[in-house]
Amino acid sequence: MPAPTSVTLRDLAFEWPDGSPALDGLNGTLPMGRTGLVGRNGVGKSTLLRLIAGLLAPTRGRIETAGDVGYLPQTLTLDHDATVADLLGIAPVIAGLRAIESGDVDERHFDAVGDDWDVESRADEALHEIGFSAADLDRPVARLSGGEAMLIALTGLRLRRTPITLLDEPTNNLDRPTRGLLGDLVDAWPGTLIVVSHDLELLERMEHTAELRATGLGQEARGRGARLEVFGGPYSAFRESVEQDQAAAAQAARTAKQALKVEKRQRAEAEAKIAARARAGKKASENMPKILANALARKAQATAGSLRGTLDSRVEAAQEAMDAADALVRDEEHIHLTAGSRS
């Protein structure tokens with residue numbers, strides 16, 4: 001039974017303001033659970049996350065999501081005076097709670113709190129998992145390391161309880177201990193998680209692996225057509241599946257190439273035989289009545305034309321078979337997982 005889907009892409013296309021295409025004709029679904037999104041650098045992974053998050057608008061097509069979407073970019077952009085509460089995304093709620101606790105019953109404070117009366121205790125519990133506590137809510141972000149800020153921002157996404165969360169290269173610039181903490185958060189993630197990463201250890205924590213590929217051959221195909229395929233299991237299972245498929249595809253391509261050589265050779269041999277018969281027929285016709293010689297020549301030409309047509313069709317079919325087999329053979333040996341601003 002197929003996994004329930006969290007994101008569905010229908011004929012999705014996106015162009016940058018200068019008119020250069022990033023994605024075109026992308027269809028596919030991303031399942032619920034934890035999914036690692038991989039593909040060549042520059043194929044459009046980060047762009048796809050921003051489209052799903054609603055930060056970019058598709059040029060064509062549409063995106064359907066099973067609930068609200070949270071998004072964590074590669075680089076956090078924060079105000080100089082931002083606090084841990086701001087980074088968690090709960091600063092307005094905390095401010096409302098403190099105002100109410102101090103006796104201010106203005107309706108706007110209750111609107112700010114909404115149903116999040118327990119947000120401070122939930123924040124304290126979540127922050128303890130990464131070595132912080134509610135006592136740090138007023139701590140300036142400027143005093144945090146990049147890794148600490150990333151972990152707190154990720155914790156904020158958990159607190160917001162969005163059904164779908166997108167992470168773009170979350171382990172960039174993290175040291176090993178901090179990566180371990182992030183991995184623990186990922187393992188216990190309460191909703192759907194879609195992660196773009198070049199971190200193999202993180203990708204091994206995924207339940208599914210989705211590969212974004214440019215269609216066509218060579219560099220000219222980058223950013224034109226796009227294809228999304230989902231594999232069950234972490235990155236290692238995906239690579240094993242790809243390697244098995246590629247071994248079969250390479251063998252099929254070799255077989256098809258050999259078959260094309262055979263057909264071309266048979267076509268050349270047949271042409272040589274046709275030419276030899278034509279010379280023999282011309283010599284024999286010298287001693288025949290002209291009307292009979294012409295009739296035999298027309299018959300020979302018709303036979304030769306029919307044979308050529310049959311052999312040409314076989315060569316064409318063999319060529320098409322080889323092209324189709326070659327198209328299934330990847331032009332890269334490994335999936336490149338290097339991060340990039342338009343990856």
Side-chain angles (χ1 to χ4, degrees), residues 1-10 12 23 26-39 43-55 62-74 89 122 125-126 129-130 150-151 153-172 174 179-213 226-245 335 337 339 343:
M1 180 181 297
T5 60
S6 62
V7 178
T8 301
L9 313 172
R10 302 190 186 278
L12 186 66
L23 297 168
L26 182 60
N27 291 282
T29 59
L30 292 166
M32 293 182 178
R34 301 188 302 276
T35 299
L37 178 60
V38 301
V43 77
K45 302 184 299 296
S46 293
T47 301
L48 179 57
L49 288 194
R50 293 171 68 191
L51 285 163
I52 296 172
L55 300 176
R62 67 182 190 274
I63 301 169
E64 300 168 3
T65 60
D68 294 335
V69 178
Y71 170 70
L72 186 63
Q74 291 185 33
R122 289 194 298 111
E125 181 180 357
E129 295 183 31
I130 57 173
M150 182 64 72
L151 283 177
L154 186 61
T155 298
L157 289 175
R158 291 184 67 191
L159 286 174
R160 280 171 242 172
R161 301 168 174 169
T162 52
I164 302 169
T165 303
L166 314 175
L167 307 181
D168 193 356
E169 300 289 354
T171 61
N172 276 3
L174 301 188
R179 287 188 183 195
L181 289 172
L182 184 143
D184 293 340
L185 292 179
V186 165
D187 287 344
W189 200 263
T192 289
L193 194 63
I194 301 170
V195 182
V196 168
S197 180
H198 63 281
D199 186 332
L200 296 180
E201 291 183 8
L202 181 59
L203 292 174
E204 279 301 299
R205 297 176 182 266
M206 301 294 109
E207 299 170 282
H208 318 278
T209 301
E211 184 190 19
L212 182 63
R213 295 186 68 195
R227 182 178 180 181
L228 185 71
E229 292 185 75
V230 178
F231 300 78
Y235 184 78
S236 59
F238 156 70
R239 283 307 311 170
E240 182 179 356
S241 174
V242 168
E243 287 166 5
Q244 290 175 351
D245 288 346
I335 299 298
L337 298 174
S343 68

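Here the structure is a predicted model, which is why all the values come from computation and not from measurement.
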From CG (L174) to CG (D199), nearest 0.5 Å = 8.5 Å
Say you draw a straight line from CG of D187 to CE of M206; how long is it, rounded to the nearest 0.5 Å?
-> 7.5 Å
Answer yes or no: are there more than 12 heavy-atom neighbours, outside E125 itself, under 6.0 Å from its atom CD?
-> no
Report the C-alpha distance between L154 and I130 in whole Å, list the side-chain angles of each, state the deciding distance to 0.1 Å, and finish with yes or no for side chain to side chain contact (heavy atoms under 4.5 Å, CB included).
-> CA-CA 10 Å; L154 186 61; I130 57 173; over 6 Å; no
Give, for atom CG of L49 and atom OG1 of T165, the distance between the pair rounded to the nearest 0.5 Å.
-> 11.5 Å
For I194 and S6, which heavy atoms make the closest approach, and how far apart are they?
-> CD1-OG, 4.4 Å
Which distance, rounded to the nearest 0.5 Å, do you find between the CZ of R10 and the OG1 of T29?
-> 9.0 Å
Separation between NZ of K45 and CG of L23, rounded to the nearest 0.5 Å | 11.0 Å
Shortest non-hydrogen separation from P170 to L202 and the atoms involved | CG-CD2, 3.8 Å
Do V7 and T192 touch side chain to side chain, with heavy atoms closer than 4.5 Å?
-> no
Does some side-chain heavy atom of L159 sit less than 4.5 Å from a side-chain heavy atom of R122?
-> yes
Ring pair (Phe, Tyr, Trp, His ring centres under 6.0 Å) partners of F231, counting only residues at least two apart = F238
Please test N172 against Q74 for side chain to side chain contact (heavy atoms under 4.5 Å, CB included), starting from the C-alpha separation and ending with a verdict.
-> CA-CA 7 Å; N172 276 3; Q74 291 185 33; 3.9 Å; yes
Which heavy atom of P163 sits nearest a heavy atom of G67, and at what distance?
-> CG-CA, 3.9 Å
Heavy-atom check, side chain of L228 versus side chain of L37, under 4.5 Å = yes
If you take all heavy atoms of R205 and D184, which pair is closest and at what distance?
-> NH1-N, 4.1 Å
Any donor-acceptor pair under 3.5 Å from E211 side chain to V38 backbone | no
Could you check if a side-chain atom of P73 sits within less than 4.5 angstrom of a side-chain atom of L55, using non-hydrogen atoms only?
-> no
Counting heavy atoms not belonging to D68, are there more than 12 under 6.0 Å from its CG?
-> no
Could you check if a side-chain atom of L157 sits within less than 4.5 angstrom of a side-chain atom of L167, using non-hydrogen atoms only?
-> yes
Considering all heavy atoms of both residues, which atom of M32 and which atom of A66 are nearest to each other, and what is their separation?
-> CE-CB, 4.2 Å
Validation row: T162, Y71 side chains within 4.5 angstrom (heavy atoms) | no
Approximate separation, where rounding is to 0.5 Å, of I63 CD1 and L51 CG | 5.0 Å
Side-chain touch P234/L203, heavy atoms, less than 4.5 angstrom = no
May I have the step-by-step check of side chain to side chain contact (heavy atoms under 4.5 Å, CB included) for T171 and M150, ending in yes or no?
-> CA-CA 8 Å; T171 61; M150 182 64 72; over 6 Å; no
Determine the minimum heavy-atom distance between A210 and V230, stating which atoms define it.
-> CB-CG2, 4.0 Å
Could you walk me through whether V195 and V186 pass the side chain to side chain contact (heavy atoms under 4.5 Å, CB included) test, one step at a time?
-> CA-CA 10 Å; V195 182; V186 165; 5.5 Å; no
